[in-house]
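First up is the structure itself, then whatever we jot down about it.
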Protein chains: 2
Amino acid sequence: MHNSSAPLIGKKYTVRCSACRVRGWGLCEPIHDDELDVVERFKAGDKVLEAGQDLFREGEPSRELYTVLEGWMFLYKLLEDGRRQIAKIVLPGDFVGFQPDLEALLDHSAQALTDVRLCVFPRDNFLELNRAHPELAIRLTCLVAHDVEMSRDRLTSVGRRSARERVAHFLLGLFYRVRLRHQEPRGASIPMPLTQEHIGDALGLTSVHVNRTLRNLRDEGLIEIANRRLHILDPDRLADAAGFDEDSLGRT
Amino acid sequence: MHNSSAPLIGKKYTVRCSACRVRGWGLCEPIHDDELDVVERFKAGDKVLEAGQDLFREGEPSRELYTVLEGWMFLYKLLEDGRRQIAKIVLPGDFVGFQPDLEALLDHSAQALTDVRLCVFPRDNFLELNRAHPELAIRLTCLVAHDVEMSRDRLTSVGRRSARERVAHFLLGLFYRVRLRHQEPRGASIPMPLTQEHIGDALGLTSVHVNRTLRNLRDEGLIEIANRRLHILDPDRLADAAGFDEDSLGRT
DNA sequence: CGTAAACGGTGATGTCGGTCAGCCTAATCT
DNA sequence: AGATTAGGCTGACCGACATCACCGTTTACG
């Protein structure tokens, strides 16, 4: 379905930590090469998920924690009547499934946007691992704190920006975030597995209105979406339309 | 201005950790009595702030981290044109000022809602303290992770709920949160230092519309706001109006 | 190969919440 | 005591975004 899918599905091998390509952005960043066996022994294996499948659902008990190795996901919440809010677009290197009380039920769901490969940590003894390796605990705190920042940004957008500003801000933020992780050869475009409905659910808009807004931005020559790729044609004017804050770029 | 103000302003003494009344909810929760001197030595003192003053502002370098000892605050972000989004209502015990990169500039501001007393930690060596005391690092992670959950909830409200649902959900959530911390003798009311404008800025609404919504809820006998106090008259019907999720109560 | 989803796209119409404008009261300042 | 300000409150009007309804294209699948 998506270009990265073919190579993933079916392969059963487990990525070795020494060959982990997202180590620099993930939880294990502070682990030295010679200590790598600590996490390697802790790791429960890999897990592969097809696009569209849920990794976990709100209300389930938490069993495992994950680092995304390949592919994109998103975190979301559902209201009783089916309204959906997407809280985060998850990229390779992101750590998902952690919550303050690991015994508690999950308060959100996670779904694969593309086919996905995950590094699985067991929930049990995860805190012990952190206790034994304070660098890991501190790294985890930083990752989570970064999530808070991104959440605050998104909340500010949804609460206070117009639809046009929101869409522009979202696309630009995603663009820089993806590029910072070198997911793609640098260029003015990134893969775009999100549908207009996903974008709407992330921004508190309907897909109809996202469509119109996107068309405006396209008509004005700011962006182009084609073949599941997003092209930023005029970053400056897009940043303008977004009221984009340069400062927020330092943060991966 | 607010009832708790008189006793705070002017007093210069520093709260001793052994007498700290928010220890159970704050960062220091895992610290044993006999280890308390570790944080006591680290602590830089107390700081007192009047209602309406900023503790720090977006764009400033981070110098200190704080635990709120008394009073309420809020975290917020401003857009260039002055639109404001309130990201969190801060209660006693909450830890504020932490961010993933302690060297970076602050990405949000914090303002006192009432007169406030804070426990001040220096930013420098804070990570070393955490490295030396993994329990502290883990506790910090949990506090921050809890922030993420609350952020996601708020985002879901602002993105997907109607004004009426948002207001009901906000008030009910605040009510339970305040009560869980035993801030008040149990009863159907809590202090309410927020103006309608604050509520609007927290929920992505104008104060005008908050006013109308509040009046509806009052007319229907669900709530009452008087003398800077919020009274929950009919929790069940309010939860109904909010589409309130019982599950989200376990989390302080 | 034919059919059904899934997704993008678009017009007509409706409404929720914003904007503007102004009043009232209580608290604070001089 | 009078003036000023912050906050609550309300009506008239408006517009941004939602809703509904429908079409066309591409992809997946029996």
Side-chain angles (χ1 to χ4, degrees), chain A residues 1-3 5-6 9 50-53 79 81-85 111 113-115 157-168 170-171 192-219 223-230 241, chain B residues 1-3 5-6 50-53 79 81-85 111 113-114 157-168 170-171 192-219 223-230 241:
Chain A
M1 180 230 156
H2 181 255
N3 48 1
S5 51
I9 300 299
E50 280 179 62
Q53 292 189 314
L79 302 186
D81 61 0
R83 283 173 287 179
R84 178 174 72 173
Q85 177 67 44
Q111 182 169 129
L113 269 172
T114 67
D115 293 341
S157 266
V158 173
R160 285 304 182 211
R161 283 194 239 259
S162 71
R164 180 186 165 87
E165 292 171 310
R166 264 182 258 182
V167 171
F170 176 78
L171 295 181
M192 191 58 204
L194 300 167
T195 66
Q196 297 180 350
E197 182 146 9
H198 287 127
I199 298 176
D201 284 349
L203 299 182
L205 300 168
T206 60
S207 58
V208 176
H209 201 66
V210 168
N211 184 298
R212 291 191 237 269
T213 309
L214 244 22
R215 185 168 53 72
N216 284 343
L217 295 175
R218 173 159 46 72
D219 289 350
I223 63 163
E224 178 69 65
I225 298 185
N227 304 319
R228 308 266 116 180
R229 290 192 70 84
L230 163 67
Chain B
M1 174 228 162
H2 182 256
N3 48 4
S5 50
E50 281 179 63
Q53 291 189 315
L79 301 186
D81 60 0
R83 284 174 285 180
R84 178 175 72 173
Q85 178 67 44
Q111 182 169 128
L113 221 31
T114 67
S157 266
V158 173
R160 285 306 181 210
R161 280 194 241 259
S162 71
R164 180 186 164 88
E165 292 171 309
R166 263 182 259 183
V167 171
F170 176 79
L171 294 181
M192 192 54 209
L194 299 168
T195 65
Q196 296 181 350
E197 183 146 8
H198 287 126
I199 297 176
D201 284 348
L203 299 181
L205 300 169
T206 59
S207 59
V208 176
H209 201 66
V210 169
N211 184 298
R212 292 193 242 268
T213 310
L214 245 21
R215 185 167 53 71
N216 285 343
L217 295 175
R218 173 160 45 73
D219 289 351
I223 63 163
E224 177 69 64
I225 299 184
N227 303 320
R228 309 263 117 180
R229 290 192 70 84
L230 162 68

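Residue numbers start from 1 in every chain, and the chains themselves are labelled A, B, ... in the order their sequence lines are given, proteins ahead of strands. Quick note: numbers below take in every heavy atom, side chains included, and nothing from hydrogens, waters or symmetry partners.
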Distance, rounded to the nearest Å, where A:Arg83 contributes CZ and D:dT19 contributes P:
9 Å

Given atom NE2 of A:His198 and atom C1' of C:dG8, what is their separation to the nearest angstrom?
14 Å

Nearest-neighbour nucleotide for the B:Thr195 side chain, D:dG7, C:dG8, D:dC17 considered
D:dG7

D:dA18, OP1 or OP2 - any side-chain N/O from A:Thr206 closer than 4.0 Å?
yes

d(CZ, B:Arg166; C1', C:dC16) in whole Å
10 Å

Can you name the closest pair of heavy atoms from A:Arg83 and B:Arg161 and give their distance?
NH1-CA, 3.7 Å

Would you say that more than 12 heavy atoms from the other residues, nucleotides or ligands in this model lie under 6.0 Å from the CG of A:Asn227, or not?
no

If you fit an axis to the five pairs at each end of the helix from C:dC1-D:dG30 to C:dT30-D:dA1, how big is the angle between those two axes, to 10 degrees?
40°

Check residues 202-212 of chain B and write down every donor-acceptor pair under 3.5 Å in which the side-chain atom is one partner and the other belongs to a residue at least two apart or another chain.
residue  : atom : partner  : partner atom : Å
B:Thr206 : OG1  : B:His209 : N            : 3.2
B:Asn211 : ND2  : B:Gln196 : OE1          : 3.0

Nearest heavy atoms of A:His198 and A:Leu113, plus distance in Å:
CE1-CD2, 3.6 Å

Distance check needed: D:dA18 C1' versus A:Glu197 CD, whole Å only.
14 Å

Restricting both atoms to N or O, compile the protein contacts to nucleotides 10-14 of chain D shorter than 3.5 Å, with distance only.
residue : atom : partner  : partner atom : Å
D:dT10  : OP2  : B:Arg215 : NE           : 2.6
D:dG11  : N7   : B:Arg212 : NH1          : 3.4

Please report, rounded to the nearest Å, how far the P atom of C:dC7 is from the NE2 atom of A:His209.
21 Å

What I'd like to find out is whether the side chain of A:Gln53 reaches to under 4.5 Å of the side chain of A:Gln111, using heavy atoms alone.
no

Whole-Å distance, B:Ile199 CD1 to D:dG8 C1', equals 12 Å

Under 4.0 Å, counting only non-hydrogen atoms across every strand here, what does B:Gly52 touch: a base, just sugar-phosphate, or nothing?
nothing

Between B:Leu214 and B:Arg218, is there a side-chain heavy-atom distance shorter than 4.5 Å?
no

Integer-rounded Å distance: D:dA16 C1' and A:Glu165 CD
12 Å

For a 4.5 angstrom cut-off between non-hydrogen side-chain atoms, does B:Arg164 reach B:Leu217?
yes

Quick check: do A:Arg229 and A:Glu224 have side-chain heavy atoms less than 4.5 Å from each other?
no

Reckon B:Gly200 touches a base, only the sugar-phosphate, or nothing at all at heavy-atom distances under 4.0 Å?
nothing

Please classify the nucleic acid contact of B:Thr213 as base, sugar-phosphate, or nothing, using heavy-atom distances under 4.0 Å.
nothing

Where each residue is assigned the nucleotide of DNA chain C containing its nearest heavy atom, which of A:Arg160 and A:Leu214 is assigned the position nearer the 5′ end?
A:Leu214

Indicate yes or no: does A:Arg160 engage B:Asp201 in a salt bridge with an N to O separation below 4.0 Å.
yes

Without decimals, in angstroms, what is the distance between A:Gln196 CD and D:dC17 P?
16 Å

